[in-house]
Structure formats: structure tokens, C-alpha cells
Amino acid sequence: MDLMMIADLAAATVRISTPLLFAALGGLLSEKAGTFAVGIEGMMLAGAFTGAISAFVFGNVALGFALAALGGAATGSLLAFATARCRADQMVTGLAVNVLVLGLSSFLLRGLFGGRAPVIRLTPPGTWPLPWLSEIPVMGPVLFRQSAIVYLAFLLVVPLTLFLTKTRAGLTLRAVGENPEAAFAAGYDPIRIRMIAIVAGGALAGLGGAVLALQEVGSFTDGMTNGRGFIALAAIMVGRWTPVGAIAGCLIFGFVSALELRAQSWGLPVSSYVMQMMPYCLALALLAGVSRSARLPAAIGVPFIRH
Amino acid sequence: MLEMRGIKKAYGTVQANRGIDLDVAAGQIVGLLGENGSGKSTLMKLLFGVVSADAGTIRFKDKPLSGHGPAQAMAAGLGMIHQHFTLVEAMSVTENVMLGAPGSSPWLSPRETASRIRQESATYGLDIDPDAMIGDLPHGRRQRVEIVKAILRGADLLILDEPTSNLSPPEVEGLLGIMARLRDQGRAIVFISHKLDEVIAICSEVVVLRDGAVAGTCRVEGATRAGLARMMVGRDMPPPIAREATAAGRNVLHVGQMALTERGVERLAPISFSLRAGEILAIAGIDGNGQTELAECLAGLRLPTAGGIDLDGHDITLASVGERTELGMAYIPVDRATMSLVTGMSVSDNLALRDFDKPPLSRGGYLARSYFAERAREMSQRFAIKASGPDIAARTLSGGNQQKIVLAREIGRHPAVMIAHQPVWGLDPGATHFVIEQILALRAAGGAIIYISSSLEEVMTLGDRIAVMQGGRLSIPIDRDTVDLTQIGLMMAGDDSLIHGAAA
Ligand SMILES: Nc1ncnc2c1ncn2[C@@H]1O[C@H](COP(=O)(O)OP(=O)(O)OP(=O)(O)O)[C@@H](O)[C@H]1O
Ligand SMILES: [Mg+2]
């Protein structure tokens, strides 16, 4: 394996991890406040759809990203209303939202563009080479010549970590996920906080979907998230519910996916379908190993009821 | 300062408050008394906005308070220490204190908060480590954290819902001191406790609830324990229980050099003692000194890392809980809500938890449902469990009645050895009396009992021999006739020279 191959693999890892990372950070917000982020897949797909359509219609990639966040948030608010306000089961509602978005996006795509789904060709966002860092030989250009949205994904971890550990609002959000009765007795409204967390998480997941559609693939296709939301969910757990851990988790899964893509071109005598299973097998293996010591937020999945 | 009128609240079909009036003036400490389930906590939760009232009006500091939540209550100047702690176990003491603390900065100030916690706990002798995780703290310490939280938050009217059930005598003294200081600053306090001595010592007035209504109000001057108890129960309290002398039977339990080390921390220093049939070994000590570890090692929930336990000639050191149960061991854990009851399950199912897999409760792999109900009725009668039926969820019963279910299940099996850990915790005087009576009856019937408690009074009432637990070590048990109360007190407080350890 030569240096170019490693550089190539690194670039692919970063590229594949970025949408995962947005989704994982969004899911982290929701789970920290006590709601399983099962619906993250649907929120991602909603973001991919609204992002691709609006970028195509308005011919503006930035606007595409903005509306993708909105689409993810709108999907999130549906979920938030059902689970936090109406106390619907989080798992079932999350899965329902995933199926709903899958169907709705395919339906709208055909409705908007006639009988057959059109192939949307998009111009990916321009790159922003970082001064100095991008000059590093071999690795510099692949790692530090990215679009603004990629830097945003990785930089987002800093304010998110600060938010969760150093601010009152972050402490309150965590308290709601651990013991909503205690948060309520301390003067907060756990239902409202959970709803806000889910909607904000939905916006991030929507951005993740838009990165996938606008940057990685360059078009929207039916069900294009294809399980990435669940991989993001696994990354949250592997990263033990911390933003920095989520980066690590996403990079691991991104790397395996990158390896899988490259391995296909190496012509190994293995079916490509088997190769495509790799990230999911890894997710299972890691979760089985990690979950023994991992600790979920204590009140996750438990609705808050006021007497 | 506070005026509550005609407060009503029903949980489903249970009428918890049926038209209660309560007045509290500034600079006054009002005691709120009543049996388990009489509606004290409900009334206070209504006041603090944790639950919403069905009817009635509240005026606080001459302003109406209605449809409020805790946020509005706190803004109006109310503070509350809840009977069931409102602490986040996965967070540190400091984080819990910062949660909901007044202030306008969006940023947390952990260092400043920690130093304030240290300062306050030093002032009031509460001994709290701000960096400790709540989940690692025993009940008594969590109670202190709640107290510090309330003090730091400050309030014009402070509601204390059974803050002393988990405290040792010196800590209770400390808390009463804090309350007196707050009163002298012109604040008001509503104090709930089942310990009538405390109420008489600190309150100026008491309000007694019975079945969700006010049964009476009186000034504390001149009130006696017996008089207050009569108001609570509606009849005279039975006389104190006489303990019969029993001939000590044969040795049934022998613990030899049992020790427990977890994650490199020594939880129990080697402990040795033996217990005879018809004998009560009472273990005194401040909560969190290894009592839970000792009880759980004996009951089989944890495995000791050294030494052995012998029950009636069987080595049970590594035996499972089921095997111990077969051999006649019974256990009343300290935490009834999580350890002894499945609160979402019915009374009859909870009563059957220990032996549902054997006839007559099950036949050929099927549960004999009809017998469940029959037995529940019989047990409810024998142990005076007040429940509207055998199929009602244990969760909806008052604390006292929940504990009676545990007692019925454990004592009803005529165990050879019973471990009772704070079995009267949070129970009203009537229920306490009942539990102690049942334990003495078991002793008279030849049961061997280990009774763990932080209350000196209980330990002295019950113990044939008395030992003290401190820092994971058990002192040599002393005969009740030769016991020296001051010495026990000193040992509980940690005077090392007196605990030679049962290792000797
Ligand atoms: N969440 C609830 N759901 C159903 N019933 C409840 C609930 N909380 C309390 N109750 C019932 O309301 C009644 C009053 O309960 P409350 O907790 O106010 O009693 P208490 O006087 O505080 O008793 P204790 O001394 O045991 O703390 C009891 O019969 C109890 O079973
Ligand atoms: Mg109560």
C-alpha cells in the first residue's frame, strides 16, 4: 500500500464521515435529553430531499443546506410532538417517521417532476483550502482542502461539548435525560426541553442528509440515506454519548466504508454485497463490545408525566 | 404568609386530599403529621406545583398562586426538600446543586458552587464532598445533599418532607439547628416527620392529617407524644411492646472472617459473628458505613471476597439467593421501591415473589391464580395491609403499606434467619409499632434476626446483642444488659479505639 493510497483512503474517510457526524451530533442532542434517536434516519433523508430539491430549484447550494436543516427540523418536530407531548413510544414513532419520510420523499419527487424520478445533477459546494495546513505534502491537500460544511461538522463538536458541559442549558438538558422529575422539581419543563432537543437534533441530521445529497452524491435518489442514520446511532453509542466520542465513532465507520469502496477496486475474490455489509457488521461487533460498559441516559425512553 | 383553602386532589380513585386548609405565618415552623398515606406529601407537592390540584386556592405572601409549576413556586419564594429525592444519580453533587440554581449567567460556575457547598456543609456540619457522584452516595448522604441544595437556594417558605428519616441522631440535631436559624431569620417552614420528638422539639404548631383531611390542629406547647399520636391514628396508641425473655437456641448462622473488596476498595473488613435461634443481633451505625454491603453479602446479592458464611451446617458463602431462600433465609432490603417490590405489579404478585414457583402457588408449570388472590387476602388480613384489592399495583399503596407487603412475604415464610435493613424507615408510629411487633413475634417463634438500623432507639428496643458498624468494620457484639449507650454513640461517630473489629 503506497502513500497515495493511504491519502486517498483518508480523504474518502473524511468525506463519508461528514454526513454521519452531523446525524450523530443531532442524535446525541436528542438522546442526551432522553429520547431515542431512532428517527434520525428519517430526518437525514428529509434533509437530503429538501436540500437537493431546493438547491436544484433555486440553483443555490447554500440555500439548499439551510432548507435541509429546516426539513430535518420539521420532521423532528413531528417526532417531538408525538413522543414528548403525546408520550407515544419512542422506538415505534421513530421507525414510523423513517418509513413516512421514505415514502413521502419518493412520492413528492415523482409528483414534482412528473412520472419518473428525474436525475438531479448538482454542483457540489466549492472547496476552501486552509492556508498552510493544505500545503502539507500528500495529506494536506486531501484533508484540508474541503468545503466549508465539512469543517463545520468537525468544528461543531467544540461548541456542542461546551454547551453540554459548561452551560446551564446543557446541564438542564442532561438532567432531563437522566431524571426529568428532578429537572421539573428544579423549575424546568422537561417536555419542552425534550422537544427543543429533538428539533435541534433534527436540523443537524437534516444538514447531514444535505451533505450526502449535495456533496457526496450530487443528486437525490429514493431512500438514499440507506441506513446511515442507524450507523450514526451506533456511532453515538460507540462514542459513549460525547461529541468527541461521536467523531471517533463516525471516523471508524467512515473508514470501514471507505475501505469497502476501495476494496472493490482491488478485485478481492469477495462479493461486493458482502463488502457492503462491513460497516454494519462492525457496528454490531462494536456495540456488543461497548454496550457492556456504556451507560445510556437513565431516563431515555421514559415519558415524563405530570400528575 | 401562606393560606391554603379547600385543597382537593385525587389520583384515579384515591382521594389523597379532600378539602384541606393550612395556614403558616412568617417565622413559624409548622409540623405536618399523619399516618402513611394520609396525604401530607400530596398537599406539599400541590403547594410546590409538582402536581396540580383538582380544587382549592392558595395564597402565598398575599398573592394568589394557581396553575403554577415548580418554577413559579420557586420564583414566589418557596423551596422544597422532597421525600423522594430529586437528584440526578449520574451527576456530581455540584452539578445537582447547580441545576436550577438562581442566577442569570448562561455559564455554569462549578468551582464557585463547590466552594459554597464546602462552606455551607462546614457551617452546618454536614460533611459533603462536592465532587462525589450522587449514585455512589448512600441514602443518608443524599439527604444531606438535598438539605444543602435547599439552603443554597434560599426560600421564604421551606417545605421539608421527611428530611430526617435518613439521618443519624447528630445529623438530625444539625438539621434542627438549621431550621431554628431560618425561623429566626423570619422564614417559615413546613416540617413533615413521623418522629414526634423532633416535631415537639422544633415546631410551634402541628396540623394532623388523617385520610386526606385535617384531623386537628394544636399548639405544640404542652403537647405530648401520646396526645399527638392519638390525633394521628384516631385512637390510643397500643402500649410499648414487651419483649419476652427467650431461651437462646442453637447456633444457626455463623459468619467467619467475611470480607468484601470491590474495585480495589475495601468495603468490609473481615467480619465474624454467630447468631442463635430466637436471638436478635442489632447492628447500629450511620447509614453508609458498610451496612448495605454486609446485608447484601449475607443475602447473596454480592459475593464476599474472603471468608465464609455457614447457615445451619450448610456453607452458603457462594450460594445463590434461591438456595439461601430454600434454606430459610429472608431479607428486607433498605430500599423497598427498587429492591423489595416490583412496584408496577399487583399486591398479590408481590406477595408471591419468593415462592411462586412451588406448590401451592404453581402446579405443573402453571400459576395457580386463584390461590394467589386467596393468599393475598389472608396475608392482607394478618398483616393489616390496607389496599383496595389484591390486584391493585403496589406503587399506589402508601409507604407503610408497601412495607407491610414485604414483611408479610418475608415473615410469612417462617424464616430461620432474617436480615432486616431499616425496616421501619419512613413508617408512621402505628406501622412502626406493627413491624417491631412482628419481628419480636418471629424471634419468639425461634427465628434468628439481624436488625440493621441507624436509630439507637430501635436498636436498644430490639437487640439481644448490639454491635456497631463503622467504616466497613463491625464491633464485637455486646449483650444488651451490659451495653453503654454513650459508648455506642461514640463508636457510631467513628471513635476507632472502641472498634477492635470482629477480626480479633
Ligand atoms: N402517583 C400516585 N398515583 C396514585 N396514587 C398515589 C400517588 N401518589 C400518592 N398516591 C396515593 O395518595 C395517598 C396520599 O399519599 P401521600 O404520598 O400524600 O401520603 P403521605 O401522607 O405523604 O404518606 P407517607 O407518610 O407514607 O409519606 C395515598 O393513598 C397514596 O397511595
Ligand atoms: Mg409522604
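Chain identifiers are assigned alphabetically (A, B, ...) following the order of the sequence lines, protein sequences preceding nucleic acid strands; residue numbering begins at 1 within each chain.
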Check your understanding: So do the side chains of A:Arg306 and B:Val51 get within less than 4.5 Å of each other, counting heavy atoms only?
Key -> no
**Study point:** B:His82 versus chain A, the contacting section by heavy-atom distance below 4.5 Å
**Key:** side chain
Check your understanding: Pick from A:Ala175, A:Gly170, A:Ala185: which one has the most heavy-atom pairs with chain B under 4.5 Å?
Key -> A:Ala185
Exercise for review: Show the numbers, then the answer: is there a side chain to side chain contact (heavy atoms under 4.5 Å, CB included) between A:Arg168 and B:Leu108?
Suggested key: CA-CA 6 Å; A:Arg168 257 167 198 282; B:Leu108 296 169; 4.0 Å; yes
Check your understanding: Pick from B:Gln72, B:Met74, B:Lys45: which one has the most heavy-atom pairs with chain A under 4.5 Å?
Key -> B:Met74
Point to revise | Side chain, backbone, both or neither of B:Ser109 within contact of chain A (heavy atoms, under 4.5 Å) | key: neither
Revision key, fill the gap. Applying a strict 4.5 Å limit to non-hydrogen atoms, the region of B:Ala73 in contact with chain A is neither
Point to revise | Under 4.5 Å from a heavy atom of chain A, the part of B:Met98 involved | key: both
Review point. Should we say atom NZ of A:Lys166 is surrounded by more than 12 heavy atoms from elsewhere, each under 6.0 Å from it?
Key: no
Review point. What residue among B:Leu99, B:Asn96, B:Ile134, B:Val88 forms side chain to side chain contact (heavy atoms under 4.5 Å, CB included) with A:Asn179?
Key: B:Val88
Review point. Just how far is it from atom CG of A:Leu171 to atom CH2 of B:Trp107, taken to the nearest 0.5 Å?
Key: 13.5 Å
Review point. Between B:Pro70 and A:Phe184, what is the shortest heavy-atom contact and its length?
Key: CG-O, 3.1 Å
Check your understanding: Which heavy-atom pair separates A:Gly187 from B:Ala71 by the least distance, and what is that distance?
Key -> O-CB, 3.1 Å
Point to revise | Residue A:Phe81 excluded, over 12 heavy atoms near CZ under 6.0 Å | key: no
Practice item. For residues B:Met91 and A:Arg174, determine if any side-chain heavy atom of one lies less than 4.5 Å from a side-chain heavy atom of the other. Key: yes
Point to revise | Proximity breakdown for B:Thr42 and chain A, heavy-atom pairs closer than 4.5 Å | key: neither
Check your understanding: Is the number of heavy atoms from other residues, nucleotides or ligands within 6.0 Å of CZ (B:Arg118) greater than 12?
Key -> yes
